[in-house]
Structure formats: C-alpha cells, structure tokens
Amino acid sequence: MLFRRLEFYAIGALLLLLSACGAKQTQQQQGPPPAMPVTTDTAKTTNAVYYDEYPGTTVALNQVDIRAQVTGYVTGIYFKDGDKVKKGQKLYTIDQQLYNANYQQAVANQMVQETNLIKAQKDADRYHELDKKDVIAKQQVDYADAALEAAKKQLDAAKANVDAVKANVRFATIYAPFDGTIGISQVRNGTSVVAGQTVLNTISTDNPMAVDFTVDQREVYRFAGLQQQGKKAADSTFSIAFGTEIYPKSGHISFIDRAVDPQTGTIKTRLVFPNDQHLLKAGMSTTVRVLNTASEKAVIIPYKAITEQLGEFFVYVVGDSSKVSQQKVVPGKQIGTDVIINSGLKAGQVIAVQGVQNLREGSVITTAAPGGAPNTAAPKK
C-alpha cells in the first residue's frame, strides 16, 4: 500500500515537471510582444496666425418699440415699411375727436373757474373794506377769504386737467423718437389700439451696428487690453463671418459687461462695426473672429496624433528603447491638418502619429512598414 502511494506521488511530480517545462518552452517560443508599426513626427514651433471664433448676434445700438399712448382707432400712417425716418417725423395718428372734445370741455371749465376766482376775489376785497369800517361781521370776512382760497385751488385743478387732456391730444400723433429705420407696421388704418399695450412698430438704428458675444472669464484680461487699444485694434483684430463670407469691415470693442454670469462663467462683450451699406440687420447670427496675437512660437503637431479618453486628450511620446508613454495635452486651434498645443508638450519631442489606436503605455514601436525590417532604435531628437 505504501509502495503504491509513493508511486502515485512520483507520477504526479513527474507530470508537474513536464508541464512547467512545456510552459517555459512555449513562452520562449512566443518571445516579447512585437513592435507596433507607426509613423512619427516631431513637435515644432510656429508663428501661425489664426482667429479664435465665437458665436455672436447682431444688435441695434438703439432700438425701441413704438406703442400707442392713447386708446382709439388708427387714422393715419405716414411712412412706408422699412423707410429711413428722421427724429420728429410724424408716423401715426389716432382718432382725436374724443380727446379734442375733452380738451375743449377742460378749457371751458378752466374759464369758469377763472370767472369764479375773479368773483371770489371781488367779494373778499369788498368784505375787507367793510371790515375796516366795522360794519360787517368778522365771520363774513373769514368766509370770503375761504371762498377765495377754494376758488384758487379749483382753478389750479382745472389747469392741471387741461394739461392732462392736452397731452392725450398730443399723444394721438406719434413721432419718430430718433433717426433710424422703421420696420413693418403691426397695424393698419382703422385698427383699434389700446394705450400702453398695442405695439405699432419698431424703430432702430443700423449704422453703426453692434455684435454681442460671450467670452470665458479667463479671457477678460486679454479683451480688456484690446478694449484699451480702442479703434487702433480695428484694422484686423475683430471681424465677423457669415458662413464662408467675411464681412468687409473691421470692428472694435464698444464695452465689456459689468459682471460675469455666475451660471456660465462667461461675460458679454460688444463690438461695433460700420454698416454704411446696411448689410447688417439686427438679429443676424454670425461668427466673431478675433485675431490671436499670442501665437508666436506655438507648439504644433498633426491633429491625428491626439487621442481622447473621457474628455481628456493625450499623445504618445517616443522615449528610450522605442517605448512610448502617454502624455496629457491641452489642444488649441486646429489649423488645417495640424493643431496647436497650448500646454503639455514641448517642441522637439517625438510623437507617434499614425497607428496610435493600437498603442498602450509602454508599447514598443517601429517606424518600418509591416513585413519590413523592424527599426526599434530610438528616433533621433
């Protein structure tokens, strides 16, 4: 029994030995992982000129809704839709018959109160003369003085009423508040309008025209510096585009808003552009192009060398023994097939470009074509 047990243990040990030898032989046959074929490039510096782009909207520097200030029916329209109008030009009239009648009634009431005041003044003067002769009771004099004061107050109220009714008559004719372009009329002759509610039209200025856009709070200092330059920066710094079409005139910063929006971390900025040919209309969507003046000696690499993982960007830098290491970068503006690297990479570093999708941290690379003689020597920097 003991002999059989020893025989069993011997066989098991022999099998384990044979298995270990086979695994070692298989491992020796497989060898290290093959080098991954890639193409490489060297990070370079450039003085590339490019534009930072922001979505923007054209707005009028001055715009106002024209509303009816009295209730009634529109009786006259004195312009054509889209006309250029001058300040003080008559635009609309609203039926004045009721307001004229009220005005005449108010004037008549004022005249009555003026007559009552004259009568009260004469009564008061007469009673004061009689009081000097001590032929009238003092109470009668007091009543006359009180009636005189009441007549004065009633006349003041009548005058105020005349002014109020006269204002309604004046408001029945609507004039342009400033020079500008008037839009399409929202009412026609005979339309009933309500004071303070009905919008008749909109008038706005269109030369110059403003463009509003938002920038990140981290760029406030940059734009504040451009604002201090004033119109000196208008030659080429600020432009706008509509698709592939570039607006022919350059602009300048009018103002930067007073505060950063805490919800978005951005601040509104306004540019002003000349609009002599009236090509810009309020409400147009445009792309604001800001010349980047900080592009000297910028690091640039092929865009295809960048990989993205969970919203972060990386490149594979070639090191000693042709091994690559993953390095985080912050890409900037893309220029053609290249991209500017804002941080994370230095000029002169060698990076993998094509074939990066097959690489991992520590992968060995070769720059030879598949099937050719591998070149695993570290590339010269």
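Just so it is clear, the structure is predicted and the values come from calculations on it, not from any experiment.
With Tyr92 contributing its side chain and Tyr78 its backbone, the two residues share no donor-acceptor pair below 3.5 Å. The closest donor-acceptor contact from the side chain of Thr286 to the backbone of Phe242 lies at 3.5 Å or more, if one exists at all. At least one donor-acceptor pair under 3.5 Å links the side chain of Thr115 to the backbone N or O of Met111. Looking at Ser185, its side chain does come within 3.5 Å of a backbone N or O of Val187 through a donor-acceptor pair. A donor-acceptor pair is defined here as one N or O able to donate and one able to accept, closer than 3.5 Å; no such pair exists between the side chain of Asp95 and the backbone of Gly72. Gln186 places a side-chain N or O within 3.5 Å of a backbone atom of Ile184 that can act as its donor or acceptor partner. Side chain of Gln89 to main chain of Lys86: a donor-acceptor pair is present (N/O by atom type, distance under 3.5 Å, no hydrogens or angles). Here the side chain of Gln69 pairs no donor or acceptor atom with the backbone of Ala172 at under 3.5 angstrom. The backbone N or O of Ala60 sits nowhere less than 3.5 Å from a side-chain atom of Thr205 that would complete a donor-acceptor pair. Using a distance-only test at 3.5 Å, with no hydrogens or angles considered, no donor-acceptor pair links the side chain of Thr57 to the main chain of Gly283.
With sequence neighbours excluded, the residues forming a side-chain hydrogen bond (donor to acceptor under 3.5 Å, both in side chains) with Thr75 are Thr93, listed by chain and number. Among residues two or more places apart in sequence or in another chain, the side-chain hydrogen bond (donor to acceptor under 3.5 Å, both in side chains) test is passed with Gln113 by none. Evaluation of the salt bridge (charged side-chain N to carboxylate O under 4.0 Å, His left out) rule for Glu129 yields Lys132 as partners, not counting sequence neighbours. Remark: Gln277 engages no residue in a side-chain hydrogen bond (donor to acceptor under 3.5 Å, both in side chains) (not counting sequence neighbours). Asn342 meets the side-chain hydrogen bond (donor to acceptor under 3.5 Å, both in side chains) test with no other residue; sequence neighbours excluded.
Taking 4.0 Å as the cut-off between side-chain N and carboxylate O, Lys159 and Asp163 do not count as a salt-bridged pair. Between Asp257 and Arg270 no salt bridge is recorded (no basic side-chain N to carboxylate O distance below 4.0 Å). Ion pairing between Arg126 and Asp145 fails under the 4.0 Å rule for side-chain N and carboxylate O. Asp216 has no carboxylate O lying under 4.0 Å from a charged side-chain N of Arg222, or vice versa, which leaves the two without a salt bridge.
Side-chain contact annotation: Asp206 with Thr181, donor-acceptor N/O pair under 3.5 Å present. Residues Thr173 and Gln96 have side chains that bring a donor and an acceptor to within less than 3.5 angstrom of each other. Using modelled atom types, one finds no donor on one side chain facing an acceptor on the other under 3.5 Å when comparing Asn109 with Gln105.
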> Under the side-chain hydrogen bond (donor to acceptor under 3.5 Å, both in side chains) criterion, do Thr202 and Asp65 qualify, and how do the steps go?
Replying inline: CA-CA 4 Å; Thr202 301; Asp65 290 336; 2.9 Å; yes
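Residue pairs meeting the ring pair (Phe, Tyr, Trp, His ring centres under 6.0 Å) criterion with at least one partner in residues 139-193, sequence neighbours excluded, do not occur; the list is empty.
Below 30°, between 30° and 60°, or above 60°: for Tyr54 and Phe213 the angle between ring planes is between 30° and 60°, a tilted geometry.
Inter-residue side-chain proximity for Thr337 and Pro302 is flagged as unmet; no heavy-atom pair is nearer than 4.5 Å.
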